[in-house]
Amino acid sequence: MCGIIGYSGSRNARTVVLDGLKTLEYRGYDSAGAAFSAEDITVFKTGGRVSDLEKITPNIVAHAGIGHTRWATHGAPSAKNAHPHLSFDGRFAVVHNGVITNCDELKLSLIRRGIRFVSDTDSEIIAHLLSLEYDGDMVSTIDKVSSLLRGATTFIALKKGDERVYMHRNGASLVVGKGDGECIVASDALAITPYTSDVAVLCDGETAIMNATDVKFFKNGKQLDKPFGKTDRTAPKDCSCHMRAEIDEIPSALLNAYAEISRSITPAVSDMVRNAKRTIFFGCGTAYHAGLYGKIIFERVGVPSNAVIASEIDDERFIDENCLCVFITQSGETADTLIALAECKARGARTLAITNVKESTVTFEADETVFIGAGAEIAVAATKSYVCQLLALYMLSQERTEKRMGKSEIQALANAAKVVSKENLYAPEYKDFNPFFIGKGIDNVTAKEGALKFKEITCKFADAYGAGELKHGSIALIDEKSVAYVVSTNEHDEERVRATVRELQSRGAYVFAVTNSNRLGANKTLMLPKIYDENLYPVLSVIPLQNLALTASLCLGLDPDKPRNLAKSVTVI
Ligand code: BG6
């Protein structure tokens, strides 16, 4: 996904666009650019970060501008491939979020019409088409150009000598804010709320034209009357490490999540859960691991369940009107998850979204939505949103029982999380060891999430292994250069995990344990505080693994907030 922004108003557009790009940089950060419209369109681009863009962007005075921070799909990260892209005649500048799936045929047809491409991107096509198809009316021009494009083709454009900002939404989010003498459009309301909390969300196929005082919406050439509403999405305070802050926020995030999730579990949501004959949990990355947790605890309350990586839905055959399909997505914008949602709806399933962003696409597509209220999560590696997803799944599973989590219980969980969030397993003497994350059952889910966190932000290999399965193959990897992080929170598996610890140690591994048992025989044991329901231990046991990954990343001199090759959520397939 990329971050795109547009501004028209009384402020200096340079300031608004650059500040907005810094807020949106979590969405992609391998190159950046901005364009400003006064008499002429001026464009500044870099193959680096927004901070590099700021250095090369002079203090020009302009009241209309657009900007882009990129997660590369077509064309390597470079100034040449950074957006905005100009049309052949310099009349239009465009920033795009998504992938144009028919770009090859379009590019060929444009080359045949004499257009010379200056970048390797698909997005440049939009700028050229706007100029070639321009008929004096931007609404009909945008409709014509959009009809030629396939794929995720959300874009924002400037026209030379025009202080209006033009935009079209298809496949990737666009939120418009209307302030006092200024309007701003961005991929995420986070970039808008420093100026106004009055926002409107564009839906697929919609076009908007904004100037300093007004925004007009159109669809299929007809003007729409689109309401503005209040958003509560606020950008977090600037800090040196968002991931550190977001792990430290887990106790307060859990309390906020409890209130938000409780509000979200309406009678309609409760009925959905209580009547489900089968539940299937879909997600990607960390959200998929939350789905694995959902499967286990829903089966513990008697609901046949499965967890599916969203991009693997094709082989999930038994989806029908008896299924409740649950889509877990922090951003609410992950393309693979949204595609799986559409497929499940087409097969007649009921659909429930669990997300952290109220204006996100998934909230418009699912039948019902549970908001996790974790607060904006900027670091690419999910931490507080993950534990709040687990809490949401736990509270939803209780709809199948007579139990409900009370205020004293969530407070106790938050207090326990506060204790655990101080714990860190990192030991410099093992920094060059191969890390193994090991658990059984529900603890294997935590091990998988711990391994993913480690890989995401240290860029070093790590993997998760079932405690019972390790000896059937992967144990071949264990030697005196191995360090194991064993998660064990249920008494039922203790004996087997203890045996695994011994198998590891007898082959030279150093074993850390994250557990509520002091009988595992690990070399170093991190005892978890006792809590009232063992189903909630995964909310706690993942936190030391998050701290481990963060510390390892920092000790490697990396930026944990912006890991190599990643984006906060990927809005392309
Ligand atoms: C990946 C992110 O791109 O998308 C992960 O790097 C994230 O951190 C995954 O878990 C799913 O994102 P979302 O927004 O659908 O939960």
Side-chain angles (χ1 to χ4, degrees), residues 1-3 24-30 70-73 97-99 152 171-173 187-188 190 233 242-243 246-247 257 281-294 307-313 325-341 352-363 365-366 369-390 392-393 445 448-459 542 545-546 549-550 553 559-573:
M1 79 201 297
C2 306
L24 296 171
E25 204 167 17
Y26 75 93
R27 301 170 66 92
Y29 33 83
D30 57 39
R70 186 171 182 242
W71 183 76
T73 56
N97 184 11
V99 168
S173 56
S187 314
D188 185 331
L190 286 179
R233 195 147 162 76
H242 284 293
M243 186 173 173
E246 287 158 8
I247 294 172
F281 300 91
F282 292 89
C284 303
T286 294
Y288 166 63
H289 293 153
L292 288 171
Y293 171 82
V308 178
I309 292 172
S311 55
E312 297 290 344
I313 182 177
C325 293
V326 183
F327 300 86
I328 305 165
T329 167
Q330 187 280 136
S331 65
E333 301 295 344
T334 297
D336 287 333
T337 307
L338 295 172
I339 291 166
L341 195 165
L352 173 66
I354 298 178
T355 190
N356 195 29
V357 182
K358 291 191 171 173
E359 301 86 18
S360 63
T361 301
V362 77
T363 65
E365 302 300 327
T369 298
V370 169
F371 294 109
I372 62 170
E377 186 176 71
I378 298 299
V380 166
T383 50
K384 64 175 182 172
S385 67
Y386 176 66
V387 296
C388 292
Q389 287 167 348
L390 301 188
L393 290 160
V445 176
K448 289 178 191 293
E449 177 56 16
L452 177 63
K453 280 292 100 51
F454 196 89
K455 282 183 280 191
E456 279 181 314
I457 63 174
T458 66
C459 306
V542 73
L545 304 185
Q546 295 170 343
L550 173 58
S553 176
D559 176 356
D561 288 346
K562 298 185 182 72
R564 182 176 66 181
N565 302 340
L566 293 184
K568 184 60 183 167
S569 116
V570 180
T571 57
V572 293
I573 53 173

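Every number for a ligand or one of its atoms is a count from 1 in the order of the listing. Note: hydrogens, waters and symmetry copies are ignored here, and every other heavy atom, side chains too, is used.
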>> T383 vs Q546, test: side-chain hydrogen bond (donor to acceptor under 3.5 Å, both in side chains). Steps then yes/no.
In response: CA-CA 7 Å; T383 50; Q546 295 170 343; 5.1 Å; no
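Of the N or O atoms in S569, none lie within a sub-3.5 Å distance of an N or O in ligand 1. Backbone and side-chain nitrogen or oxygen atoms of T329 are examined, and one is located within less than 3.5 angstrom of a nitrogen or oxygen of ligand 1. Below 3.5 Å of separation, one finds an N or O of Q330 facing an N or O of ligand 1.
Ligand 1 places these atoms under 4.0 Å from at least one heavy atom of A287: 10 (O), 16 (O). Atoms of ligand 1 lying under 4.0 Å from any heavy atom of V570, numbered from 1 in the order shown and given with element: 3 (O). Atom numbering of ligand 1 starts at 1 in the shown order; those under 4.0 Å from a heavy atom of T286 are 10 (O).
Listed here is the closest heavy atom pair of E377 and A382: OE1-CA, 3.4 Å. Residues A353 and V362 come closest through the heavy atom pair CB-CG2, 3.7 Å. Taking each heavy atom of A379 and K568 in turn, the nearest pair found is O-NZ, 2.6 Å. Between V357 and F371 the shortest heavy-atom distance is O-CE2, 4.0 Å.
In terms of protein heavy atoms, atom 8 (O) of ligand 1 is closest to V380 O, 3.1 Å. K568 O, 3.9 Å is the protein heavy atom nearest to atom 4 (O) of ligand 1. Among protein heavy atoms, the minimum distance from atom 5 (C) of ligand 1 is reached at E456 OE2, 3.7 Å. With respect to atom 15 (O) of ligand 1, the closest heavy atom belonging to the protein is T334 OG1, 2.5 Å.
Among C284, A335, A567, the residue whose heavy atom sits closest to atom 11 (C) of ligand 1 is C284.
Summarising the geometry, atom CD belonging to E333 is positioned 8.0 Å from atom OG1 belonging to T363; distances are rounded to the nearest 0.5 Å. The line from CD of E449 to OH of Y293 is 13.5 Å long, rounded to the nearest 0.5 Å.
For Y288, there are no ring-ring contact (aromatic ring centres under 6.0 Å, His included) partners two or more places apart in sequence or in a different chain.
Not close to ligand 1: E333, with no non-hydrogen atom less than 4.0 angstrom away.
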